[in-house]
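First the proteins, then the strands, lettered A, B, ... as listed; each starts at 1.
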Amino acid sequence: MEPESIYRIENLRKEYNARVVVDIERLNIRAGEILAIVGPSGAGKSTLLRLLNFLEVPTTGQIVYRDYVFDSQAPLDIRRQVTTVFQRPVLLRASVQENVAYGLRLRGERMDERVGDMLARVGLASLARVSATKLSGGEMQRVALARALVIAPTVLLLDEPTANLDPYNVGLIEEIVREQNRTRGTTVVLVTHNVFQAKRLAHRVGLMLAGCLIEVNTASAFFDSPADPRTAAFVRGEMVY
Amino acid sequence: MKRTHWLLGLLILAAALSACAGTPTPAPPQPPAPPATSAPAPTAAAKAATTPTSIRSAVGSGCHLILSTTTSTFDSGLLGFILPDFEKKFNCKVDVVAVGTGQAMQIGQRGDADVVLVHDRAREDKFVADGYAKERFDVMYNDFIIVGPKDDPAQVKGMATAADAFQAIANAKATFMSRGDGSGTHAAEMRIWATIGITPTKSLEWYNSLGQGMGETLLSSNEKGAYTVTDRGTWLATASKLPNLVVLVGGNHISENKERALYNLYGLMAVNPDKFKGINAEMANNFVKWMVSPETQKMIGDFKDKATGQPLFYPNAK
Amino acid sequence: MDEITHGFFQAIHLILSADPALFEIVWLSLRVSGIALLLSTTLGVPMGAALGLARVWARGLITAFLYTGMGLPPVVVGLFVYLMLSRSGPFGALGWLFTPSAMIVAQVIIAFPLVAGLTMAAVQGVDAALRMQVRSLGATRWQELWAVLREARIGVVAAIVAGFGGIISEVGAVMLVGGNIEGKTRVLTTAIVLNTRTGEFALAIALGVILLALAFVANIAMLRLQGRS
């Protein structure tokens with residue numbers, strides 16, 4: 001039986017000034033999976049995430065999220081089911097706990113024990129009242145992750161979340177993401193150029209090159225028996241780009 | 001078109017906000033001016049008028065009369081001394097806009113004042129001829145004097161006529177400060193230059209056209225050791241702060257001043273209500289009648305300088 | 001030098017003696033400039049933010065107008081407002097000339113470009129990625145705008161402070177359109193001019209000291225607002 005798809009993408013094209021950035025014929029993202037999109041810089045991975053977060057509008061083609069067919073303006077209740085953690089954490093000029101509570105405030109909710117619990121989960125409980133601008137890079141990214149998770153998103157989009165971090169913080173963040181997916185069923189789409197991270201986290205992996213999805217496969221198949229020679233080259237680190 | 005709408009919106013907003021914030025506080029009416037026979041009372045009034053301690057609150061009636069006048073009548077304290085009598089008698093607040101004569105007449109010509117009290121006879125006559133007022137009334141006069149540095153490099157001290165003095169200053173190329181602001185005083189100065197055929201221009205390095213008020217001009221003259229023409233009232237009020245200047249032509253009292261060219265006549269005109277909407281014509285006429293009445297004329301004569309005890313204005317209504 | 005020390009002590013004396021005339025002048029100054037600042041802020045901050053964020057039609061031209069407006073001599077503004085509100089002018093029927101309303105109009109025209117222009121610059125200085133991030137967290141358009149303004153608040157408060165400083169200390173325009181009428185349109189700055197003109201230097205200095213103190217207190221208050229996080 002085919003698992004339920006949360007996103008169904010068909011003939012999706014995104015162009016900037018007639019330059020094609022994303023061109024995906026077909027992609028289904030399954031509810032509750034961790035899908036990693038790997039590929040070199042400039043392949044269109046980040047643009048794909050912005051499209052999935054309804055932050056950009058497709059030039060042609062369509063994205064269907066559950067029953068909602070995305071047109072130019074996604075309704076607020078749809079938009080608020082999806083959130084992104086970007087490569088560079090953008091924190092507000094406020095305390096750590098205010099930052100984590102921000103998504104709740106946007107939804108008209110109060111800061112409550114969810115914020116404290118979440119800070120404990122990312123190991124920042126002791127820094128709750130510290131100004132967010134005074135944190136280290138790894139701590140900032142954990143705040144950004146906590147801020148994304150506290151609103152209990154249906155879909156969590158991760159755009160190179162650990163690109164500039166040390167191994168300790170990378171391990172911490174990967175564990176939180178894995179736990180979030182396993183215990184709460186959050187669908188995760190992870191964009192990374194790090195094939196090892198994709199291997200550690202993902203159920204399925206896709207390779208994106210020049211805006212096109214070359215191959216999407218289960219993690220084991222993607223790494224052990226890729227269908228496309230370009231995938232094999234990329235996994236072996238032999239691709240010249 | 002859009003710009004006008006925007007401005008209109010702004011105006012409406014400002015009105016709404018200022019209206020609710022701006023209720024005038026009713027205050028006990030100013031005690032009536034004492035019968036001005038004794039010297040001390042007027043001098044106290046003269047002192048008070050120049051300090052903010054004399055701020056009077058609006059009379060509650062809502063009646064306003066706008067008087068545009070020269071700085072000299074206000075800054076000397078004369079208006080602060082005589083106006084409470086009018087405001088009490090007619091239950092109408094007089095809003096004094098004290099500016100240079102040129103601006104005061106412009107305000108009248110645009111219908112923004114109800115009465116105009118200035119001192120530039122030629123322009124006053126033109127004001128009437130152009131229909132901005134129906135009639136001009138003599139109310140009072142005082143005089144101008146020529147002041148200059150103590151060492152008097154142009155040797156003008158004691159000269160009988162202003163023309164001779166100006167000629168001597170020009171010959172000596174002694175530093176001269178002109179108001180240069182189109183005021184009545186400036187106009188009087190220009191008339192004197194005209195009688196000796198000199199047209200002061202900026203190319204004369206000893207001639208400085210300041211474009212400032214009398215007080216500033218006297219201060220500059222004091223600093224630079226320059227000659228200038230001043231009304232006697234401002235001179236008397238500020239002489240104590242001008243240690244480097246002395247009176248050279250016109251004497252220490254108006255009775256010593258034999259020079260007609262230095263006489264300074266004040267004219268009062270009610271703005272022609274046929275020309276503009278919104279002129280408070282009835283009250284303006286009351287004001288004119290009140291100014292030329294024997295009682296007010298006597299008050300003007302009784303108003304004296306605090307330091308010297310000299311009158312600052314001499315009534316001359318017919 | 002004597003006048004300055006004398007003026008300073010007279011200022012203290014005037015304040016301590018709760019001089020009613022002084023309070024009337026101070027209150028009018030604060031009322032006129034306060035209302036003008038409120039109007040300039042409610043108009044200028046959203047407009048500056050919009051110009052800084054949105055792709056507004058003819059933004060370059062509008063920006064050039066704003067920056068030019070920031071350098072406009074107050075006397076010119078005063079003259080313009082005077083001619084507009086004059087009985088011979090288009091808005092003469094309002095009867096606002098020589099009233100606090102006219103002074104407010106002039107001060108709004110002076111402060112508005114300052115507030116809008118500096119707000120625009122502050123908003124443009126905010127990290128562009130912030131907008132994407134807050135939208136991704138589920139912000140509406142207004143919440144997004146508010147978040148950017150909050151991040152730019154140091155600059156926005158500076159814009160408001162600049163607007164306030166520009167009008168509380170302004171004399172040319174209020175003199176022209178207010179007329180410096182005793183008890184009605186006399187504010188601190190015009191009272192200073194009057195006292196200078198009449199040779200009451202110590203009193204002029206005293207009023208100057210009070211003006212300075214007022215501006216100082218207002219700025220402290222706004223800086224506290226700025227520093228709050």
What heavy-atom pair brings [X] and [Y] nearest, and what distance separates the two atoms?
X: S88(C); Y: G111(B); answer: OG-N, 4.2 Å
X: I181(C); Y: V96(B); answer: CG1-O, 3.3 Å
X: K277(B); Y: R87(C); answer: O-CD, 3.5 Å

*Is it the case that more than 12 heavy atoms not belonging to Q124(C) sit under 6.0 Å from its CD atom?*
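For Q124(C), atom CD is crowded (more than 12 foreign heavy atoms under 6.0 Å).
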*Within a radius of less than 6.0 Å around NZ of K224(B), do more than 12 heavy atoms belonging to other residues, nucleotides or ligands occur?*
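Atom NZ in K224(B) is not crowded, with 12 or fewer foreign heavy atoms closer than 6.0 Å.
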For [X], which atoms come within 4.5 Å of any heavy atom of chain C: side chain, backbone, both, or neither?
X: Q103(B); value: side chain
X: K241(B); value: side chain
X: A104(B); value: neither

*Using non-hydrogen atoms and a 4.5 Å limit, figure out which bit of L83(C) sits close to chain B: side chain, backbone, both or neither.*
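For L83(C), the contact with chain B is made by backbone and side chain together.
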Calculate, to the nearest 0.5 Å, the distance between atoms [atom1] and [atom2] belonging to [X] and [Y] respectively.
X: S86(C); Y: Q109(B); atom1: OG; atom2: CD; answer: 11.0 Å
X: H64(B); Y: K184(C); atom1: NE2; atom2: NZ; answer: 4.5 Å
X: T185(C); Y: D95(B); atom1: OG1; atom2: CG; answer: 7.5 Å

*Y82(C) side chain reached by R110(B) side chain, heavy atoms, under 4.5 Å*: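 Answer yes - side chains close enough.
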_Stepwise side chain to side chain contact (heavy atoms under 4.5 Å, CB included) test for N180(C) and F74(B)_ = CA-CA 11 Å; N180(C) 190 27; F74(B) 184 82; 5.8 Å; no
*Among G278(B), G213(B), G215(B), residue most engaged with chain C (heavy-atom pairs, under 4.5 Å)*: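 Greatest number of close heavy-atom pairs with chain C: G278(B).
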*Among T71(B), I66(B), L218(B), V99(B), who wins on heavy-atom pairs under 4.5 Å with chain C?*
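Ranked by contacts with chain C, first place is T71(B).
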